[in-house]
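As the structure lists them, so they are numbered: ligands from 1, and atoms in each ligand from 1. No hydrogens, no waters, no symmetry mates; every other heavy atom, side chains included, goes into these values.
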Amino acid sequence: MTDFLSNEQLQKLVPLFLDWNTKLNLSAIRDEASVREKHVQDSLLLGDFLNLGDQRLRVLDLGTGGGFPSLPLACVYPNLRFTAVDSVGKKLKAVQSMADELEVKLRTQHGRIEELGQDAQYREQFDLVLARALAPWPVLLEYALPFVRVGGRFVAYQGPGVREDLENFTGLEAKLGGKIVKVHETSLGDSERVFVVIKKVAQTSRKYPRANGVPRKQPLQ
Ligand code: SAH
């Protein structure tokens with residue numbers, strides 16, 4: 001676990017986020033200790049089981065909201081290049097402003113995941129795709145896998161409920177070109193956290209992601 005005191009940018013991020021949160025209502029988590037644990041430390045759990053330190057990966061954070069998990073990760077891993085996507089412009093303005101103030105490598109992209117996933121500038125262009133609290137499991141797979149380059153990975157930040165999803169949607173990742181390579185289970189405070197790592201082993205069919213709103217209305221089986 002990254003020591004807050006040793007990372008100046010992480011130390012600055014917490015008050016910066018609290019300030020934007022009072023202006024824009026980015027998150028229901030409002031006190032400093034909870035922001036540290038439930039947003040910042042949670043985001044950084046990724047580094048406990050993936051080697052992120054010495055590569056120059058292109059990383060995409062889908063549905064970044066107030067900047068999680070990408071903002072804390074950008075503070076700790078200056079070697080990574082982050083793009084953070086959301087359909088809500090005001091959230092992205094806050095995220096870009098925090099990134100600029102912290103001088104971390106993160107750019108924001110406003111738009112719908114369904115559209116960006118069909119855009120050649122984004123489709124199959126990322127070494128690592130991340131998503132936390134974005135969508136139900138089948139929707140998440142349809143959203144995320146089109147962005148991952150073949151050979152790259154998607155890591156989903158999940159809770160214990162994903163175990164049931166993995167049973168109910170067996171093989172769905174394969175339909176989208178993915179292969180589950182790891183399920184990493186850990187805990188943070190009193191919450192159980194489960195990370196699912198999916199490797200992109202084949203291109204995703206051009207059919208996916210389907211048009212705006214369709215993945216949520218008619219989730220894949
Ligand atoms: N990842 C953040 C925020 C989770 S809330 C965190 O863990 O705290 C989910 C976010 O995803 C919201 O900000 C919402 O605007 C965005 N989102 C949901 N569906 C989307 C879509 N189809 N395209 C773009 N953004 C989307």
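Among all non-hydrogen protein atoms, the one lying nearest atom 3 (C) of ligand 1 is G63 O, 3.4 Å. In this structure, the protein non-hydrogen atom closest to atom 22 (N) of ligand 1 is E114 OE1, 3.0 Å. Looking at atom 7 (O) of ligand 1, its nearest protein heavy atom turns out to be R132 NE, 2.6 Å. Ranking the protein heavy atoms by distance from atom 19 (N) of ligand 1 puts R216 NH2, 3.3 Å first. If you check which protein heavy atom lies closest to atom 15 (O) of ligand 1, you get D86 OD1, 2.6 Å. From the protein, the heavy atom lying nearest to atom 23 (N) of ligand 1 is I113 N, 2.9 Å.
Under 4.0 Å from ligand 1, not a single heavy atom of Q109 appears. The residue Y157 has no part lying near ligand 1, judged by heavy-atom distances below 4.0 Å. Using a 4.0 Å cut-off between heavy atoms, D61 makes no contact with ligand 1 at all.
The shortest separation from a heavy atom of G111 to ligand 1 is under 4.0 Å, placing the residue in contact. By the 4.0 Å heavy-atom criterion, V85 is excluded from the residues contacting ligand 1.
By the rule that hydrophobic residues join a cluster once side-chain heavy atoms approach within less than 4.5 Å of another member, Y77 and V40 end up as members of one cluster.
In summary, the atoms of ligand 1 found under 4.0 Å from a heavy atom of G65, numbered by their order in the structure, are 3 (C), 13 (O). Near V88, the atoms of ligand 1 lying under 4.0 angstrom from a non-hydrogen atom of the residue are 15 (O). For ligand 1, the atoms sitting less than 4.0 Å from at least one non-hydrogen atom of L134 are 11 (O), 17 (N), 18 (C), 19 (N), numbered in the order shown with element in parentheses. When each atom of ligand 1 is checked for a heavy atom of K91 under 4.0 Å away, the hits are 12 (C), 13 (O).
At least one N or O atom of F68 sits closer than 3.5 Å to an N or O atom of ligand 1. Annotation: Y143 places an N or O atom under 3.5 Å from an N or O atom of ligand 1; distance criterion only.
In this structure, L106 and D61 have side chains that are not in contact, with every pair of non-hydrogen atoms separated by 4.5 Å or more.
By the 30° and 60° cut-offs, the orientation of the rings of H39 relative to F17 is perpendicular.
When only modelled atom types and interatomic distance are considered, Q11 and N7 share no side-chain donor-acceptor pair under 3.5 Å. A side-chain N or O of Q96 and one of T108 form a donor-acceptor pair less than 3.5 Å apart.
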